[in-house]
Amino acid sequence: MSGWVTVAGLGPGSEALVTPEVTAALAEATDVVGYIPYVARVAPRDGLTLHPSDNRVELDRAGAALQMAAEGRRVVIVSSGDPGVFAMASALFEALEASPNHQATDIRILPGITAMLAAAARAGAPLGHDFCAINLSDNLKPFSEVERRLRHAARGGFAMAFYNPRSASRPHQFTRVLEILREECEPARLILFARAVSTPDERISTVTLEEATPEMADMRTVVIVGNEATRRVGTWVYTPRSVAP
């Protein structure tokens with residue numbers, strides 16, 4: 001039996017936002033690996049083994065998936081959102097690069113709907129022009145690099161989507177993010193706080209930079225900062241596609 005590894009995005013939370021392609025891959029799988037809460041979203045069934053693990057063992061998880069595929073198993077690595085956005089697709093290729101004996105493995109990457117895109121759709125079109133995504137966690141990079149990228153993105157006129165903005169172990173860092181934004185942007189800049197999008201716990205609010213507070217964000221929140229042209233139209237928020245000369 002020929003094994004394979006598929007890295008699949010489960011979307012932001014609602015089963016309605018899981019793509020048919022991902023659903024089909026899960027139906028074929030013999031094994032599913034991933035971070036504990038993501039694996040919990042996969043229904044158990046006969047012939048399927050679930051392998052939940054902690055969120056800081058991505059490379060170990062990827063290496064185990066490659067080994068299982070070499071043994072002829074059909075492995076799906078699950079991520080929330082899209083697996084290529086701050087998630088397991090990159091970790092898999094990092095593990096593959098370190099394991100030359102697995103580089104002939106049959107690998108597929110299946111896209112998913114990211115939290116930032118689901119949040120933007122709920123609000124209207126705040127990412128309607130050039131934008132960037134920044135992971136505010138300093139688990140894999142120093143926070144000084146977060147600050148540098150944030151400042152340049154703000155100066156470049158990008159709308160910005162922030163992942164992992166504020167955790168219990170680093171509540172002070174989002175305070176610093178807001179300080180930098182206030183140094184670089186006007187007080188009326190619109191900021192969207194979208195928590196647990198597409199789940200029963202969903203909560204979305206739009207405020208100005210002047211009104212924003214650190215407590216508005218946690219690890220289940222995606223923060224979207226508009227550019228200087230982002231504005232409200234009725235209850236919606238959008239960024240125009242054109243830039244005035």
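Excluded from the calculations below are hydrogen atoms, water molecules and symmetry mates; all remaining heavy atoms, backbone and side chain alike, are included. Predicted, not measured: the structure shown is a model, and the values here were computed from it.
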Do [X] and [Y] come within less than 4.5 Å of each other through their side chains, counting heavy atoms only?
X      : Y      : result
Ile191 : Ile224 : no
Asn164 : Met219 : yes
Thr230 : Arg189 : no
Met160 : Leu150 : yes
Arg41  : Leu26  : no
Leu110 : Thr19  : no
Leu192 : Val237 : no
Leu48  : Val42  : yes

So which heavy atom on [X] is nearest to which on [Y], and how close?
X      : Y      : value
Glu21  : Pro111 : OE1-CD, 3.9 Å
Arg232 : Thr206 : NH2-O, 3.3 Å
Ala25  : Arg108 : CB-NH2, 4.2 Å
Asp218 : Pro165 : O-CG, 3.3 Å
Val76  : Ala29  : CG2-CB, 3.7 Å
Gly128 : Arg241 : O-CG, 3.7 Å

Just wondering, more than 12 heavy atoms not from [X] lying within 6.0 Å of its [atom1]?
X      : atom1 : result
Glu97  : CD    : no
Gln67  : CD    : yes
Glu28  : CD    : yes
Arg151 : CZ    : yes

Please say yes or no: joined through hydrophobic side-chain contacts below 4.5 Å, possibly via intermediate residues, are [X] and [Y] part of one cluster?
X      : Y      : answer
Leu66  : Val33  : yes
Leu190 : Phe193 : no
Tyr163 : Leu136 : no
Leu10  : Met88  : no

| field | Distance (rounded to the nearest 0.5 Å) between Thr30 OG1 and Arg74 CZ | value | 5.5 Å

| field | Straight-line distance of Asp82 CG to Met116 CE, nearest 0.5 Å | value | 8.5 Å

| message | Run the salt bridge (charged side-chain N to carboxylate O under 4.0 Å, His left out) test against Arg56 and tell me which residues pass, sequence neighbours left out. | response | none

| request: Could you note down all residue pairs passing ring-ring contact (aromatic ring centres under 6.0 Å, His included) where residues 3-55 supplies at least one of them, sequence neighbours left out? | output: Tyr35-Tyr38

Basic-acidic side-chain contact under 4.0 Å: [X], [Y]:
X      : Y      : value
Glu179 : Arg182 : no
Arg148 : Glu145 : yes
Glu183 : Arg176 : yes

